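Here's the structure, in structure tokens; my notes come after.
These figures come from a predicted structure and were not determined experimentally.
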Amino acid sequence: MSLLRDLEGVGADRFRGGYSRHVFTDPELQLRAWFTEQAQRRGLDVEQDRNGNLWAWWGTPGPDAVVTGSHLDSVPGGGAFDGPLGVVSALAAVDELRATGFRPRRPLAVVVFAEEEGGRFGVACLGSRLLTGAIAPERALKLTDPDGVTFGEAAARAGLEPERIGPDPDAVSRIGAFVELHVEQGKALEPLGRPVAIGSTIDPHGRWRLTFVGRGDHAGTAAMADRRDPMLPAARTVLAARSAAKAGTRATVGRLIPVPGGTNVVASRVDVWLDARSASEPGTREAVDEVIAAAQQAAADEGCEVEVREESFSGEVAFDPGLRDRFRGVLGDVPVLPTGAGHDAGVLAAHVPTGMLYVRNPTGVSHAPEEFATDEDCAAGVRALAAVLEELAG
Ligand code: HGY
Ligand code: MN
Ligand code: MN
């Protein structure tokens, strides 16, 4: 997909592979500038809202708007499609609609949400959560990145006014319907031999931070029996996540940071992040409770302290059945898929009629460089999105 190829190389991560494009860092700012230029080239009026989300309007912003879009930020070492495919497909769908002489009868906007992955400040869908009031601005402003920079500081450097960051009810009330196109994350469409699917639900999921505190010491002189090494309960927590993931629950520790992190140093502190998801909220919470209990026991066994913080939680999302039926009316009997992946659409769904479209990912892999979608399937996704937008805004 030629528009997507414009983004190749931006934020390429030589150490991890894939892309690291975190909110308000140079690569992501470069993508914002690219999006703004592409939108303006299409005669769309671009505005940045108080929370750093970009809105490109076809027609005067107004009530009952049809909005589509996704995000441009990535996880560390992420793939090329997660987020950008939805943004690029929205621009390409505008091209297709224009080429047929279509003119929307309702305001239509392409949106780019900020910090969907939470890859820099730790809370997923930060831009859409701020927009809808799903996170308190006071908390968001104080979130820090690994270098200790706060979201407020980074936002100010990106030209936002920290004192204005927070709920934007006027912007939300303008949205009549929101549809997000996204690369499939998982491998349901490949065996079905279908390029496009409609979203049905998002599993409940959340993130927890466990901080283990022991006593730093010299690796060569501290007797094993005298140690209070936080790396031990951290390691047992990783294993507990695996054993807690039963009956379809997914529990993952993908991030673990020892402090100070020296090869010849017994760590004084270890931060561990747990990501847990399940088809039901009780299932998710049950798994988390099991991991936390194991972590607390392990900390006690090793003479360490442990502090547990819930960083974010999203309950089950069911996309608007009326929208889903309208999508099927337009697209025919395309598959309808649940997902374990969170999206800004999952946040918007609590406020406005929301739906999702997925484009086949033959590898099924996501949040990794192997994430993929063929040009043909991306084109099928653009056609599907254009048809849906014509149905909604025509
Ligand atoms: O974590 C997720 O499911 C999404 O990619 N933010
Ligand atoms: Mn993602
Ligand atoms: Mn995404």
Side-chain angles (χ1 to χ4, degrees), residues 1-42 44 46-56 69-91 110-131 135 137 140-162 164-165 182-183 254-255 257 273 343-344 366-371:
M1 196 179 191
S2 65
L3 270 177
L4 209 50
R5 270 187 273 287
D6 287 3
L7 312 186
E8 275 175 8
V10 177
D13 190 319
R14 279 196 293 274
F15 169 68
R16 295 181 177 89
Y19 295 97
S20 292
R21 301 160 166 169
H22 303 308
V23 71
F24 301 145
T25 61
D26 289 347
E28 199 250 8
L29 292 171
Q30 211 179 305
L31 294 182
R32 284 168 174 263
W34 171 87
F35 169 77
T36 302
E37 195 272 328
Q38 287 292 329
Q40 286 169 343
R41 194 189 288 188
R42 289 164 173 78
L44 307 181
V46 184
E47 61 185 28
Q48 178 170 255
D49 70 17
R50 64 184 66 164
N51 296 304
N53 305 306
L54 296 174
W55 302 76
S70 191
H71 60 96
L72 292 171
D73 68 295
S74 75
V75 294
F81 298 83
D82 177 351
L85 183 65
V87 174
V88 162
S89 299
L91 293 171
V110 177
V111 66
V112 175
F113 286 110
E115 184 68 337
E116 189 278 340
E117 296 292 2
R120 181 174 178 189
F121 294 101
V123 172
C125 301
L126 189 58
S128 54
R129 285 179 196 258
L130 280 165
L131 171 79
I135 184 170
L141 287 166
K142 290 204 291 275
L143 293 171
T144 57
D145 73 3
D147 298 327
V149 176
T150 67
F151 175 69
E153 289 161 345
R157 284 181 205 155
L160 297 182
E161 296 167 76
R164 295 192 63 236
I165 285 175
H182 204 281
V183 65
R255 187 177 174 215
I257 300 177
W273 282 266
H343 300 285
D344 292 304
S366 184
H367 285 185
E370 295 74 19
E371 184 181 82

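Of the candidates V111, V110, T36, L54 forms a side chain to side chain contact (heavy atoms under 4.5 Å, CB included) with just one, namely T36.
For residues 112-123, the pairs satisfying salt bridge (charged side-chain N to carboxylate O under 4.0 Å, His left out) are R120-D145, with sequence neighbours left out. Pairs engaging residues 16-31 under the salt bridge (charged side-chain N to carboxylate O under 4.0 Å, His left out) rule: D13-R16, E28-R32 [sequence neighbours left out].
Nearest heavy-atom pair, G86 versus S70, reported as atom, atom and distance to 0.1 Å: CA-CB, 3.9 Å. N51 and A114 get closest at one heavy-atom pair: O-CB, 4.1 Å. Taking each heavy atom of W34 and L91 in turn, the nearest pair found is CH2-CD1, 4.1 Å. Between P76 and S20, the shortest heavy-atom distance links the atoms CA-OG, 3.5 Å. Between L4 and A80, the shortest heavy-atom distance links the atoms CD1-O, 4.1 Å. Heavy atoms only, all atoms of each residue included: P162 and G152 are closest at CG-O, 3.7 Å.
The CG atom of L85 sits 10.5 Å away from the CG atom of L7 when rounded to the nearest 0.5 Å. Here L160 contributes atom CG and F24 contributes atom CZ; the two are 4.5 Å apart, rounded to the nearest 0.5 Å. Atom-to-atom distance recorded for F113:CZ and H343:NE2 is 13.0 Å, nearest 0.5 angstrom. Atom CG of L141 sits about 7.5 Å away from atom CG of L130, to the nearest 0.5 Å. Annotation: the span from L126 atom CG to D344 atom CG amounts to 10.0 Å, rounded to 0.5 Å.
Under the rule for a salt bridge (Lys or Arg N to Asp or Glu O under 4.0 Å), E153 has no partner lying at least two apart in sequence or in another chain. Residues satisfying the salt bridge (Lys or Arg N to Asp or Glu O under 4.0 Å) criterion with R5, sequence neighbours excluded, are D375. Residues passing the ring-ring contact (aromatic ring centres under 6.0 Å, His included) test with F121, sequence neighbours excluded: F151. Residues satisfying the salt bridge (Lys or Arg N to Asp or Glu O under 4.0 Å) test with E370, not counting sequence neighbours, are none.
Side-chain contact, D82 with H367: a donor N or O sits under 3.5 Å from an acceptor N or O.
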**Study point:** Check against side chain to side chain contact (heavy atoms under 4.5 Å, CB included), V88 and Q38
**Key:** CA-CA 10 Å; V88 162; Q38 287 292 329; over 6 Å; no
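Between the side chain of R50 and the backbone N or O of E161 there is no donor-acceptor pair closer than 3.5 Å. At least one donor-acceptor pair closer than 3.5 Å links the side chain of H22 to the backbone N or O of S74. N53 places a side-chain N or O within 3.5 Å of a backbone atom of G127 that can act as its donor or acceptor partner.
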